[in-house]
Amino acid sequence: MTTGLRAMTRLADWPDLVEARPSCGRGSALRSEGAEIAHFHSDRMADVHLSAPAIWRLRRDLNGSTALRLVPGSAWVTVRLECESDIDLLMTLVSVALKAHQRGPAGDPAPAGAGDPAPAARCNDRRCVAITC
């Protein structure tokens with residue numbers, strides 16, 4: 001079983017995630033109640049929809065990882081899935097993404113700045129920069 005399939009299988013068991021067709025139309029996706037959270041476009045790559053505020057908050061740590069690719073202007077982070085520790089990193093980032101897109105108390109929308117402004121929700125699938133896609 002590939003690392004991407006192992007990761008997808010583990011995440012599909014999370015109660016807040018459901019499998020869905022990705023908005024980009026390629027591969028498979030996991031979404032929560034309010035947003036697409038992860039896209040799997042290959043056996044070794046996944047995009048996680050962290051949100052711009054979450055990326056800004058975690059930028060130093062994200063920039064320090066060789067398993068991650070950040071694309072300027074994107075609210076998505078690409079994770080290279082080569083080993084078990086990369087899957088663990090993906091699961092951590094998915095947890096951050098769920099929190100970033102979570103609705104407030106009593107179903108209120110998330111606070112301003114949480115999540116993404118408008119349709120910048122395009123994943124990194126066609127944005128090949130920094131690592132080989």
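Small disclaimer: the values here were computed from a predicted structure and weren't measured. Starting from 1, each residue takes its place in the sequence as its number.
Of the possible polar contacts, none joining the N63 side chain to the R60 backbone as a donor-acceptor pair under 3.5 Å is found. Listed for the E36 side chain is a donor-acceptor partner under 3.5 Å among the backbone atoms of S23. When atom types are taken as modelled, the side chain of R21 and the backbone of A29 share no donor-acceptor pair closer than 3.5 angstrom.
Smallest separation of non-hydrogen atoms from V96 and A54: CG1-CB, 4.2 Å. Residues A38 and V94 come closest through the heavy atom pair CB-CG2, 4.5 Å. Between A97 and L50 the shortest heavy-atom distance is N-CD2, 3.9 Å. When every heavy atom of D86 is checked against every heavy atom of R80, the shortest pair comes out as OD2-O, 3.1 Å.
Annotation: side-chain contact (heavy atoms from CB on, under 4.5 Å) contacts of S95 (sequence neighbours excluded): W14. Applying the side chain to side chain donor-acceptor pair (under 3.5 Å) rule to T3 yields the partners R44; only residues at least two apart in sequence or on another chain are considered. Residues passing the salt bridge (charged side-chain N to carboxylate O under 4.0 Å, His left out) test with D88 are R10, sequence neighbours excluded.
Residues M45 and V79 have side chains not in contact (no heavy-atom distance under 4.5 Å, counting atoms from C-beta outward). Side-chain contact between L17 and L98 is present, with at least one heavy-atom pair separated by less than 4.5 Å.
D61 CG to L93 CG: the interatomic distance, rounded to the nearest 0.5 Å, is 10.0 Å. Rounding to the nearest 0.5 Å places OG of S51 at 12.0 Å from CD of Q102. L62 CG to R57 CZ: the interatomic distance, rounded to the nearest 0.5 Å, is 10.0 Å. To the nearest 0.5 Å, atom CG of residue D16 and atom CG of residue L11 are 11.5 Å apart. Note that the CG atom of L68 and the CD1 atom of I55 stand 10.0 Å from one another [nearest 0.5 Å]. Between atom CG of residue L90 and atom CE of residue M8 there is a gap of 10.5 Å, rounded to the nearest 0.5 Å.
Using cut-offs of 30° and 60° for the angle between ring planes, the H49 and W76 rings count as parallel.
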Start with the C-alpha gap between R31 and E19, add the side-chain angles, then the distance that decides, and say whether salt bridge (charged side-chain N to carboxylate O under 4.0 Å, His left out) holds. CA-CA 6 Å; R31 66 176 298 113; E19 291 185 53; over 6 Å; no
With side chain to side chain contact (heavy atoms under 4.5 Å, CB included) as the criterion, how do D47 and F40 come out once you've worked through the C-alpha distance, each side chain's angles and the decisive distance to 0.1 Å? CA-CA 7 Å; D47 285 343; F40 292 83; over 6 Å; no
Going through the checks in order, is the side chain to side chain contact (heavy atoms under 4.5 Å, CB included) test met by S28 and H41? CA-CA 7 Å; S28 55; H41 298 113; over 6 Å; no
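Criterion: ILVMFWY side-chain heavy atoms under 4.5 Å apart, direct or through other members. Under it, V77 and L58 are part of a common hydrophobic cluster.
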